[in-house]
Amino acid sequence: MPYALLPTLLLQILLIGYSPGPANIYALAMSLRHSRRKALVMWLGLLMGFSMAVCIMAVMTHLIGMAFGNYVGYLKYLGAAYIAYLAYKIYTSRRSTADSDKDCTFVSGMVVQLTNAKILLFDLTAFSTFVLPYSNRLIDLLEVGAWLLIAGPGANLVWLLAGSYLKKFFAQYGRQVDVVSAIALLLCAIYIIIG
């Protein structure tokens, strides 16, 4: 990945990773319902699940890059479209709480992350946008995957530790945060297309 694209990748990581999503809402709900220690055990499951997912997506992206190398440049349009879709979903979202029947365990955290379509698609988008146009080496994909740990488990931990403070803030300013996040995501999508 050219290091000139690193600021765009980091902005995308912050906006997508830290926006409300299944794993972030789950981490928040578990931190509010259970002790911090129990929620941190669940977070270790989120970390493991994300790490497994990012490695699987890196290998899949590597194989796609090898098979369709001449067409990889066009994947940036799919990535930009996905980011624009996320902006739309954030702009039009209604806030809800996590399913109250889920347990706060290592396994539940891992399952939440392995089935988190937001993160799986984000990983694929990041790899196809920031790596494949320049390299299809697995080591380059895994390097970007390491940065993506900021997006998944890093964001989950922030939501978990913030707990009730975020709940109060989002109850009061949730719509403004959604609008700003949606606009910033649209700007990322545009930069990917013209960049």
Side-chain angles (χ1 to χ4, degrees), residues 1 5-62 79 82-83 86 89-90 93 95-100 102-131 138-167 169-170 177-178 181 184-185 188:
M1 174 185 79
L5 293 177
L6 188 58
T8 304
L9 174 63
L10 292 176
L11 180 61
Q12 194 171 332
I13 284 171
L14 290 174
L15 293 173
I16 294 172
Y18 289 78
S19 65
N24 287 340
I25 298 296
Y26 183 63
L28 176 64
M30 292 300 103
S31 72
L32 294 173
R33 284 186 24 211
H34 301 281
S35 68
R36 181 177 286 175
R37 178 175 296 213
K38 188 163 178 110
L40 284 172
V41 170
M42 180 276 308
W43 176 80
L44 290 173
L46 290 172
L47 173 65
M48 177 61 72
F50 186 89
S51 299
M52 291 168 59
V54 82
C55 288
I56 291 167
M57 295 307 290
V59 170
M60 287 177 56
T61 306
H62 172 68
Y82 172 67
I83 293 168
L86 284 178
K89 291 300 283 181
I90 288 172
S93 70
R95 300 197 176 276
S96 63
T97 58
D99 183 7
S100 60
K102 295 188 177 182
D103 293 332
C104 187
T105 65
F106 177 87
V107 173
S108 69
M110 191 167 68
V111 170
V112 164
Q113 205 64 289
L114 284 171
T115 59
N116 186 349
K118 174 186 168 188
I119 292 299
L120 297 174
L121 290 172
F122 174 62
D123 292 347
L124 182 60
T125 300
F127 292 145
S128 63
T129 302
F130 295 101
V131 181
L138 186 56
I139 191 72
D140 294 335
L141 291 162
L142 292 173
E143 178 185 334
V144 169
W147 283 102
L148 295 179
L149 287 171
I150 298 168
N156 303 150
L157 185 61
V158 167
W159 280 70
L160 184 149
L161 295 176
S164 62
Y165 297 111
L166 277 179
K167 182 178 177 183
F169 177 80
F170 278 106
V177 170
D178 287 347
S181 295
L185 282 171
C188 281

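- Within the 4.5 Å cutoff, side-chain heavy atoms of Phe127 are placed close to those of Val54.
- Rounded to the nearest 0.5 Å, atoms SG (Cys55) and CZ (Phe50) are 9.5 Å apart.
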Side-chain donor-acceptor pairs of residues 39-48 under 3.5 Å, sequence neighbours excluded:
residue, atom, partner, partner atom, Å
Trp43, NE1, Pro153, O, 2.8

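- Checking side-chain atoms of Thr129 against main-chain N and O of Ala126 turns up no donor-acceptor pair under 3.5 Å.
- Between Met110 and Met52, the closest side-chain pair of non-hydrogen atoms falls below 4.5 Å.
- When all heavy atoms of Met30 and Cys104 are compared, the closest pair comes out as SD-CB, 3.5 Å.
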Verdict with reasoning, Leu10 to Ile13, per side chain to side chain contact (heavy atoms under 4.5 Å, CB included): CA-CA 5 Å; Leu10 292 176; Ile13 284 171; 4.3 Å; yes
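- Using a 4.5 Å heavy-atom cutoff, the side chains of Met57 and Leu141 are not in contact.
- With sequence neighbours left out, Ser51 forms a side chain to side chain donor-acceptor pair (under 3.5 Å) with no residue at all.
- Using a 4.5 Å heavy-atom cutoff, the side chains of Ile150 and Tyr18 are in contact.
- In this structure, Asn24 CG and Leu157 CG are separated by 10.5 Å, a value rounded to the nearest 0.5 Å.
- Closest non-hydrogen pair, Thr61 versus Ser128, comes out as CG2-N, 4.3 Å.
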For Asp140 and His62, run side chain to side chain contact (heavy atoms under 4.5 Å, CB included): C-alpha distance rounded to whole Å, both residues' side-chain angles, the deciding distance at 0.1 Å, then the answer. CA-CA 9 Å; Asp140 294 335; His62 172 68; over 6 Å; no
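- In this structure, Asn156 and Ala23 approach most closely via the heavy-atom pair ND2-CB, 3.5 Å.
- Applying the side chain to side chain donor-acceptor pair (under 3.5 Å) rule to Asp123 yields no partners; only residues at least two apart in sequence or on another chain are considered.
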